[in-house]
There are 2 protein chains.
Amino acid sequence: MAWSKDDSKRRGYHHGNLREVLVAAAMDLIAAKGPAGFTVAEAARAAKVSPAAPYRHFRDRDALMAEIALRGFESFAEALGQAWNDGKPHPYRAMENLGRAYLAFARTQPAYYAAMFESKLPPDANPDLGKAGDRAFAVLRQACEALCDLMPADKRPPALMMSLHIWALAHGIASLFARGDAARRKIPMAPEDLLEAGILLYLRGLGIEGL
Amino acid sequence: MAWSKDDSKRRGYHHGNLREVLVAAAMDLIAAKGPAGFTVAEAARAAKVSPAAPYRHFRDRDALMAEIALRGFESFAEALGQAWNDGKPHPYRAMENLGRAYLAFARTQPAYYAAMFESKLPPDANPDLGKAGDRAFAVLRQACEALCDLMPADKRPPALMMSLHIWALAHGIASLFARGDAARRKIPMAPEDLLEAGILLYLRGLGIEGL
DNA sequence: GGAATCATGTAATAGATGCTCACATGGCTT
DNA sequence: AAGCCATGTGAGCATCTATTACATGATTCC
């Protein structure tokens with residue numbers, strides 16, 4: 001057992017790991033009480049540190065929120081990428097996995113999802129945020145292109161429009177039916193099945209028949 | 001020119017119209033700075049009233065927000081109902097109007113939309129809210145049923161699922177592309193056209209061909 | 001090894017907010 | 001006209017964001 005620096009027990013005048021602990025505490029608070037329920041002061045208390053300490057690591061509340069959103073988009077892109085898995089075993093099947101992964105992320109990572117989509121961050125705050133978001137979206141777009149390639153060249157729909165439709169559908173279902181308090185709207189089927197059916201019907205409308 | 005009671009110039013120790021003025025002020029603030037940017041104190045200042053006065057009319061900040069959301073849902077149902085117009089001149093065309101009305105509402109009534117969908121109100125706060133939301137959704141569901149009726153009885157899709165899909169798609173597009181700061185995500189077509197195309201393709205997937 | 005430096009913590013504070021209380025006012029009912 | 005009571009005020013507490021001056025100790029450089 002090494003007494004390494006990142007040992008969480010490490011305490012003294014200098015915390016040694018405050019930035020990470022603050023992010024973790026903020027995420028716990030967001031997950032528990034929504035993006036509005038998180039306060040810098042409470043995160044500081046959770047880290048057993050004075051209320052001023054967080055401002056050594058984040059310019060303001062928004063900067064901490066943006067950090068969470070940034071990590072969220074990276075984690076999101078990773079999760080979607082794994083679900084897509086280069087279109088294996090088959091693009092159609094992989095697209096279904098992608099949809100499930102979208103909703104699974106929204107549900108299992110409420111803090112990330114809230115910071116990414118519900119935090120109303122000023123757009124110009126962090127240009128990296130936009131880039132990270134684009135990378136996540138790129139996975140979806142790539143999947144749509146692979147599906148388009150199943151079609152004869154003269155019948156291919158525009159992959160960009162297609163990816164926007166599927167993104168919006170997934171995001172709408174996640175926001176309305178799959179997240180915490182929104183789940184109060186009771187619907188007669190699991191959000192995952194709703195999304196899968198929606199994508200299936202949409203693809204059929206495009207002329208992309210299953211499997 | 002009558003000096004009626006609801007004359008906005010009316011001032012004395014008693015305001016006479018505070019509740020309405022507070023709602024209007026709060027909506028202005030929400031429209032300008034998002035749901036998080038509205039404070040009771042600032043609404044009170046806008047109404048030229050002490051910071052404690054609003055609490056005679058609303059139990060707390062959430063109650064004021066809920067009042068706005070409630071009015072929003074009523075206005076929303078009204079707007080959707082007019083757009084649908086009993087399915088005239090044709091259910092297919094009327095559904096297009098419905099989609100446009102959805103996005104138009106999200107854009108022209110940012111305060112209502114934010115209070116309705118982005119305010120994270122505690123669900124048990126106001127049962128009327130759920131009812132009002134259901135009434136708005138009922139318009140969409142009715143429209144889907146009318147479209148289903150165009151199909152042979154043995155091929156009709158479930159109208160509820162259909163309405164959930166279209167609602168989610170419209171809400172997703174509104175949230176991601178059609179609202180204020182979200183409009184920073186630049187896409188190569190108007191949100192209205194994106195939604196119309198999405199609905200058209202989805203309906204085609206259901207076997208409902210246009211017009 | 002020791003001193004200067006710099007990152008990272010604290011204490012104290014200002015200004016804003018949510019919300020509550022006791023009290024003031026004056027419109028409305030009787 | 002008298003009094004009830006809805007509605008507004010003033011004062012005040014607890015909390016939060018953010019800043020400033022100061023304290024501490026890890027790191028670097030001679």
Side-chain angles (χ1 to χ4, degrees), chain A residues 3-26 28-30 32-68 115 119-122 125, chain B residues 3-26 28-30 32-68 115 119-122 125:
Chain A
W3 285 1
S4 63
K5 180 172 183 175
D6 56 359
D7 187 331
S8 63
K9 291 291 178 292
R10 177 69 187 278
R11 289 305 318 275
Y13 188 98
H14 286 77
H15 186 289
N17 200 24
L18 185 53
R19 187 180 177 93
E20 291 305 314
V21 171
L22 285 173
V23 169
D28 286 348
L29 291 170
I30 293 172
K33 303 191 293 183
F38 137 71
T39 69
V40 176
E42 196 163 354
R45 274 196 299 275
K48 304 196 177 186
V49 123
S50 82
Y55 294 91
R56 292 293 179 189
H57 297 271
F58 302 97
R59 189 159 36 79
D60 56 19
R61 188 181 181 283
D62 274 359
L64 175 45
M65 192 72 89
E67 170 72 21
I68 296 172
S119 62
K120 298 287 164 196
L121 289 171
Chain B
W3 285 2
S4 63
K5 179 171 182 176
D6 56 0
D7 187 331
S8 62
K9 290 291 178 293
R10 178 69 187 277
R11 288 307 317 278
Y13 187 97
H14 287 77
H15 186 290
N17 200 23
L18 186 52
R19 186 180 176 93
E20 290 305 314
V21 172
L22 285 173
V23 169
D28 286 347
L29 292 170
I30 294 172
K33 303 191 294 182
F38 137 70
T39 68
V40 176
E42 197 163 355
R45 274 195 297 276
K48 305 196 178 188
V49 125
S50 83
Y55 294 92
R56 292 291 178 191
H57 298 272
F58 302 96
R59 189 162 37 80
D60 55 20
R61 189 181 180 282
D62 274 359
L64 176 46
M65 191 73 89
E67 170 71 19
I68 296 172
S119 62
K120 299 285 164 198
L121 290 172

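Chain naming here is simple, since letters A, B, ... match the order of the sequence lines and numbering starts at 1 in each.
B/R45 comes within 4.0 angstrom of sugar-phosphate atoms only, judged by non-hydrogen atoms across all strands, and of no base. B/T39 comes within contact range of the sugar-phosphate backbone alone, with a heavy-atom separation under 4.0 Å but no base atom that close.
Atoms CG (B/L29) and P (C/dA16) sit 16 Å apart, rounded to a whole Å. Separating the CG atom of B/N17 from the C1' atom of D/dG8 is a distance of 15 Å, rounded to the nearest angstrom. In this structure, CG of A/L18 is placed 9 Å from P of C/dT8, rounded to the nearest angstrom. Look at CD on A/E42: it is 18 Å from P on D/dA14, rounded to the nearest Å. Rounded to whole Å, the distance from CZ on B/F38 to P on C/dA16 is 18 Å.
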Does B/R19 form a side-chain contact (heavy atoms from CB on, under 4.5 Å) with B/R56? I'd like the steps, not just the answer.
CA-CA 9 Å; B/R19 186 180 176 93; B/R56 292 291 178 191; over 6 Å; no
Worked check of side-chain contact (heavy atoms from CB on, under 4.5 Å) between A/M65 and A/F38:
CA-CA 9 Å; A/M65 192 72 89; A/F38 137 71; 3.8 Å; yes
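With respect to A/K33 and A/E42, a salt bridge is recorded, a charged nitrogen being found less than 4.0 Å from a carboxylate O.
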In B/S/- notation (B base, S sugar-phosphate only, - none; protein heavy atoms under 4.0 Å), nucleotides 18-24 of chain D written 5' to 3' is BB-BBBB
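Nearest-nucleotide positions on DNA chain D for A/A41 and B/R19 put B/R19 closer to the 5' end.
Although no hydrogens or angles enter the test, the distance criterion places a donor-acceptor pair under 3.5 Å between the side chain of B/D60 and the main chain of B/A63. Checked by atom type and distance alone, the side chain of A/R45 never pairs as donor or acceptor with a backbone atom of A/V40 at under 3.5 Å.
For the OP1/OP2 pair of D/dA6 and a distance below 4.0 Å, the side-chain nitrogens and oxygens of B/H57 include no atom meeting the criterion.
Residues A/L64 and A/Y55 are not in side-chain contact: their nearest non-hydrogen atoms beyond the backbone lie 4.5 Å or more apart.
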